[in-house]
Amino acid sequence: MNLALPHLSIKHLLPYLCVFLWAIACYVFFQTTYAYHFFYQEQNQLFLLTWTYCADYLRRPAWLASLAGDFLTQFYYYRYAGAAILTASLLVLGDLTRRSLQRIGLRHGAFAIAIVLMTLFALFSLRHSYRLASVIAVDGGCALAWLAMLLLPRLPSTRAGRALMGILLLCASALAFWMFGNGGFLFLLLLIIYSVAHRRQQPLGLSVVATALPLSLLPLTKSCYMMNVGDILAAPGLGKLAAPEWTLEKDWATDDEYYFGNWRRVTDMVEREKNPTEAQLFFYNLVKAQQGELPDALLRFPHNYLGTFEQIGAATPLLIINRMNDLYWALGDMTFAERAAMQALAFSPDNRNARMVRRLAEINLVTGNRAAADKFLGLLDHTVAYRRWAAQARANGDFYREKAKMTNCCDTLRKSDNAYVIMTELLRSNPRNLVALDYLLCSDLLLKQISTFKRDYDMFVVQAHAPRTTCRLYQQALMIWLAGTNANPDEWRRYITLPDELQRFQAYNQQRGSAAFAGTYWYWFDTHHNEKP
């Protein structure tokens, strides 16, 4: 018996090598330059491992694609999983496409078309709103088409065989649109091409009618899904060509590293940027404030942004809504942190956001509302990625009791989320809240409201004996107020505790606007327009 392996030529192996290299390139690209997009998608859903939750997908169009896609998306939580899952999904699409085209009869070019199709859907995936479920949908449609092509040649060419063929195509088409939504269009296209290529063995008219009939009946499901026909046909989502979202990737990089507790990485990433975005500066300043270094970092960037005085409304971008709870949490106002988390949850896809559920659990642990905390922790207990965090949160009572000392004890009934009012109330509740103090004073300075700064400084630093009387930034701002009000020498001695800064201020007045004093509040005050903090 001859057991020799068949000879494989370079020409035969080349297509497989191209696919392999494409897969490596795809994984490396998404993992090294787009990893934080995966974290964003994972955090904007909450997948529960319960039968009730999974059964709820049956009420949606493209239910199987959505279920499978969302199930796999939860693993994006792990740093290297997102790029691997997406690459594998695209490879499945390419392989099924290649096999389908070869069943149709295309011997040359099947690999090339498969690679083009994989690349197209990889480009669709550059948009942060494009879900993995959409890739799974075309995988499913292509898989059903390939299976149908395997079965059709095995049917007899008799009248009964043709009837069975029509029933098979009708059922497969209905399943394609029911389970995979817009993936049914790929199924339809491949089966029609197959029928054209094999019209002698398979009647073209029968194939077109049998495969297209479920599509014509989709409008009848409008009342079932409570959606318009266009949304039903597009489910779980159509792709659009887009350029890489590099700015969003950088924003989410700082956001997620802050979320994961890698604060050193946040500061390193932002300080390497020449012109950080508002989102990057927002999380950079959150880190600095909680490290007690916000006054030292405020003037590091010409156009800084604290996020204070942002008010959430109908026109507020979702990305701002998503991060405002972090500001209120750091400041210590649990009422507005909860409000911001609820708003972000409401505007998330399907009103499910794992990150906001986690934050709501933390808030209720701080406020002592154990029943509400257990509700949110109970949800996280049924997840893959957050069940361990939920157990740790239950055992971390000391941290939340310490956090409770910084909360707002004043009446929180008010018309708007004006951060100035929130910060003053927090300081009246607990003068030791240095995060709120620095945000308050630094916000005054970015608005160039020197009189307001002086009033707040007197109330929350001088009268409260806060350890900020030697802060260089605040000393420089006080000198502007003292000089502007022609204060007497006693006031200068009372407020100015750094003699060397006073000498520098006198030198600056002799050459105002000189770049030699860049980095001081005097220089910034004279050379910058008002900024929104």
Side-chain angles (χ1 to χ4, degrees), residues 54 57-72 89-104 110 113-114 117-118 120-121 124 130-155 162-198 202-222 224-225 227-239:
C54 293
Y57 279 88
L58 290 171
R59 298 188 296 177
R60 309 182 194 181
W63 67 271
L64 185 56
S66 297
L67 176 63
D70 291 353
F71 174 80
L72 292 173
S89 300
L90 293 171
L91 284 174
V92 169
L93 172 62
D95 187 60
L96 290 170
T97 301
R98 187 262 307 176
R99 292 175 183 272
S100 298
L101 292 175
Q102 289 178 344
R103 293 296 303 178
I104 289 171
I113 294 174
L117 195 62
M118 290 191 298
L120 179 64
F121 279 88
F124 289 164
Y130 191 70
R131 299 166 53 202
L132 178 65
S134 297
V135 180
I136 301 296
V138 292
D139 284 350
C142 194
L144 282 178
W146 177 62
L147 290 174
M149 292 178 199
L150 289 178
L151 293 175
L152 289 175
R154 291 170 170 78
L155 298 177
R162 292 181 180 180
L164 187 58
M165 179 189 305
I167 294 173
L168 173 65
L169 290 175
L170 182 63
C171 292
S173 180
L175 286 174
F177 284 104
W178 180 50
M179 296 190 301
F180 301 111
N182 60 49
F185 290 105
L186 183 57
F187 169 88
L188 192 64
L189 177 63
L190 289 172
L191 261 296
I192 291 176
I193 295 175
Y194 179 82
S195 300
V196 171
H198 299 80
Q202 182 177 346
L204 179 60
L206 175 63
S207 299
V208 172
V209 171
T211 54
L213 183 60
L215 178 63
S216 64
L217 297 177
L218 275 180
L220 299 179
T221 63
K222 182 178 179 181
C224 175
Y225 293 124
M227 298 169 63
N228 60 50
V229 176
D231 290 337
I232 295 173
L233 293 175
L238 297 176

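Looking only at distances, no side-chain donor or acceptor of S173 sits under 3.5 Å from a matching main-chain atom of L169.
For Y130, the ring pair (Phe, Tyr, Trp, His ring centres under 6.0 Å) test picks out F124, with sequence neighbours left out. Residues forming a ring pair (Phe, Tyr, Trp, His ring centres under 6.0 Å) with F71 (at least two apart in sequence, or on another chain): F47, F75. Remark: D70 pairs with Y57, R131 by the side chain to side chain donor-acceptor pair (under 3.5 Å) rule, at least two apart or across chains. Under the side-chain contact (heavy atoms from CB on, under 4.5 Å) criterion, A110 pairs with R98, L101, Q102, sequence neighbours left out. Listed by chain and number, the residues in a side-chain contact (heavy atoms from CB on, under 4.5 Å) with L72 are I85, L132, I136 (sequence neighbours excluded). For I193, the side-chain contact (heavy atoms from CB on, under 4.5 Å) test picks out I104, L189, with sequence neighbours left out. Checked against side chain to side chain donor-acceptor pair (under 3.5 Å), R154 has no partners two or more places apart in sequence or in another chain. For the side chain to side chain donor-acceptor pair (under 3.5 Å) test, no residue two or more places apart in sequence or in another chain qualifies with R103.
Within the 4.5 Å cutoff, side-chain heavy atoms of L191 are placed close to those of L152.
Of the residues V138, L117, D139, the one that meets the side chain to side chain contact (heavy atoms under 4.5 Å, CB included) test with T97 is L117.
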I192 vs L188, test: side chain to side chain contact (heavy atoms under 4.5 Å, CB included). Steps then yes/no. CA-CA 6 Å; I192 291 176; L188 192 64; 4.1 Å; yes

Donor-acceptor contacts, no H, no angles, side chain residues 143-150, under 3.5 Å, sequence neighbours left out:
none

In residues 59-66, what donor-acceptor pairs under 3.5 Å come from side-chain atoms, sequence neighbours left out?
residue	atom	partner	partner atom	Å
R59	NE	D56	OD1	2.9
R59	NH2	D56	OD1	2.1
S66	OG	A62	O	3.1

Please table the atom pairs, donor to acceptor, closer than 3.5 Å between any side-chain atom in residues 177-187 and protein atoms at least two apart or in another chain.
residue	atom	partner	partner atom	Å
N182	ND2	A234	O	2.7
N182	ND2	A235	O	3.1
N182	ND2	G237	O	3.2

